[in-house]
Amino acid sequence: MKHFLDINQTDQSELRTIIDNAAAMKKARAGRPRGALDEDQPLKDHMVALIFEKPSTRTRVSFDVGVRQMGGQTLVLSGTDMQLGHGETIADTARVLSRYVDLIMIRTFEEQTLHEMAEYASVPVINGLTNRSHPCQIMADIMTFEEHNGPIKGKRVVWSGDGNNVFASFAHAAKQFDFDLVFTGPETLDPERALDGLYTKVRNPDEAVKGADLVVTDTWVSMHDPQSARERRHNQLRGYQVNAKLMAQAKPDALFMHCLPAHRDDEATSEVMDGKNSVIFDEAENRLHAQKAIMRWCLEK
């Protein structure tokens with residue numbers, strides 16, 4: 001069974017195969033209408049369940065479109081549509097869904113929900129995001145970097161802001177793809193201890209970004225954060241905003257990434273987001289291609 005649960009749980013060679021296949025699939029679709037089927041239709045006659053306990057734009061649309069392009073069908077479910085965690089166990093839900101579908105993607109809160117789904121499902125399970133990691137996003141980010149600036153091996157990647165779930169997947173990727181990852185942010189928002197040894201920490205953002213090949217940030221607040229937490233985070237993170245002054249410390253051809261959605265002029269200025277070094281919309285598009293390659297890998301297609 002090939003689950004895609006986290007970057008650090010997938011072999012380096014397999015991750016490289018996924019990235020290379022994603023790039024090839026994107027190239028093969030160049031100029032085709034968005035709704036046109038892929039020529040080989042690798043998911044023909046396959047049904048894929050897409051479960052969303054958390055709201056989503058890019059994850060929902062990219063997985064749905066990707067399945068359809070590959071000739072498959074989707075069943076999109078929200079947490080409120082199901083008994084998931086509301087009386088029925090995750091294990092029983094996994095067993096039942098496995099009788100109906102060929103693949104499960106789940107975007108959820110707790111890491112335990114993902115792992116229990118994978119443990120009891122008899123079909124592959126893909127991590128569409130948890131509170132601890134976001135591996136599909138980072139696979140798209142690696143693909144995007146290499147499209148623009150070549151192999152990521154040995155490059156300097158700087159994360160400015162909160163050491164959150166997206167950063168965690170970047171830390172996993174740093175080891176698997178052999179690049180140098182730097183975290184710059186307030187001590188109160190440091191990454192979890194389990195990631196120690198996978199990155200270096202530089203408190204001063206100007207120092208951190210010197211010589212960077214890639215600068216990355218993410219939203220300062222979650223849609224679920226109360227107002228008091230939002231105000232506190234703004235105060236903590238204001239000094240780590242990615243703006244033109246900070247980007248000037250990086251290499252001239254350094255890329256800027258943000259997984260979106262963004263709060264413009266909070267974590268990053270519009271000048272940077274819309275600037276010549278920004279690849280945020282290529283990054284968003286590549287969610288589609290990377291996830292298609294992940295689904296094919298899971299199903300060995």
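Index from 1, following the sequence.
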Arg29, Arg296, Lys301 screened by salt bridge (charged side-chain N to carboxylate O under 4.0 Å, His left out) with Asp40, the one that passes: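 Between Asp40 and the candidates, salt bridge (charged side-chain N to carboxylate O under 4.0 Å, His left out) is satisfied uniquely by Arg296.
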Option among Lys251, Arg156, Lys153 that satisfies the salt bridge (charged side-chain N to carboxylate O under 4.0 Å, His left out) test with Asp213: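 Exactly one pass, corresponding to Lys251.
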Any side-chain to backbone donor/acceptor pair from [X] onto [Y]? Under 3.5 Å, distance only.
X	Y	answer
Arg233	Val221	no
Asn243	Lys245	yes
Arg203	Thr184	no
His46	Lys44	yes
Thr130	Arg132	yes
Gln176	Ile7	yes

Any chain of hydrophobic side-chain contacts (each under 4.5 Å) joining [X] to [Y]?
X	Y	answer
Leu260	Val216	no
Ile152	Val158	no
Val209	Leu237	no
Ile138	Trp159	yes
Ile126	Ile90	no

Close side-chain approach of Lys2 to Trp297, heavy-atom, < 4.5 Å: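 Yes, at least one pair of side-chain atoms sits under 4.5 Å.
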Flag side-chain contact, heavy atom, 4.5 Å: Glu283 against Gln137: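 Yes - at least one pair of side-chain heavy atoms lies under 4.5 Å apart.
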Within the 6.0 Å centroid threshold, strictly below: Phe145 and Phe179: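 Here the rings of Phe179 and Phe145 have centres that are no less than 6.0 Å from each other.
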Which residues share a salt bridge (Lys or Arg N to Asp or Glu O under 4.0 Å) with Lys201, sequence neighbours left out: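 For Lys201, the residues satisfying salt bridge (Lys or Arg N to Asp or Glu O under 4.0 Å) (neighbours in sequence not counted) are Asp190.
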Residues which pass salt bridge (Lys or Arg N to Asp or Glu O under 4.0 Å) with Glu146, listed by chain and number, not counting sequence neighbours: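 Expected list: Arg16.
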Value rounded to 0.5 Å, distance of CZ in Arg107 from CG in Leu114: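 Between atom CZ of Arg107 and atom CG of Leu114 there are 13.0 Å.
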Rounded distance (nearest 0.5 Å) linking atom CZ of Phe167 with atom CD of Glu192: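 With rounding to 0.5 Å, CZ (Phe167) is 10.0 Å from CD (Glu192).
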Option among Asp64, Leu43, Asp38 that satisfies the side-chain contact (heavy atoms from CB on, under 4.5 Å) test with Gln69: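 Running side-chain contact (heavy atoms from CB on, under 4.5 Å) over Asp64, Leu43, Asp38 with Gln69 returns exactly one hit, Asp38.
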Candidate pair Met139 and Leu15, rule side-chain contact (heavy atoms from CB on, under 4.5 Å), full reasoning: CA-CA 8 Å; Met139 292 296 283; Leu15 292 168; 3.8 Å; yes
Where at least one partner belongs to residues 90-101, residue pairs that pass salt bridge (charged side-chain N to carboxylate O under 4.0 Å, His left out), sequence neighbours excluded: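 Listed once each, the pairs are Asp92-Arg95.
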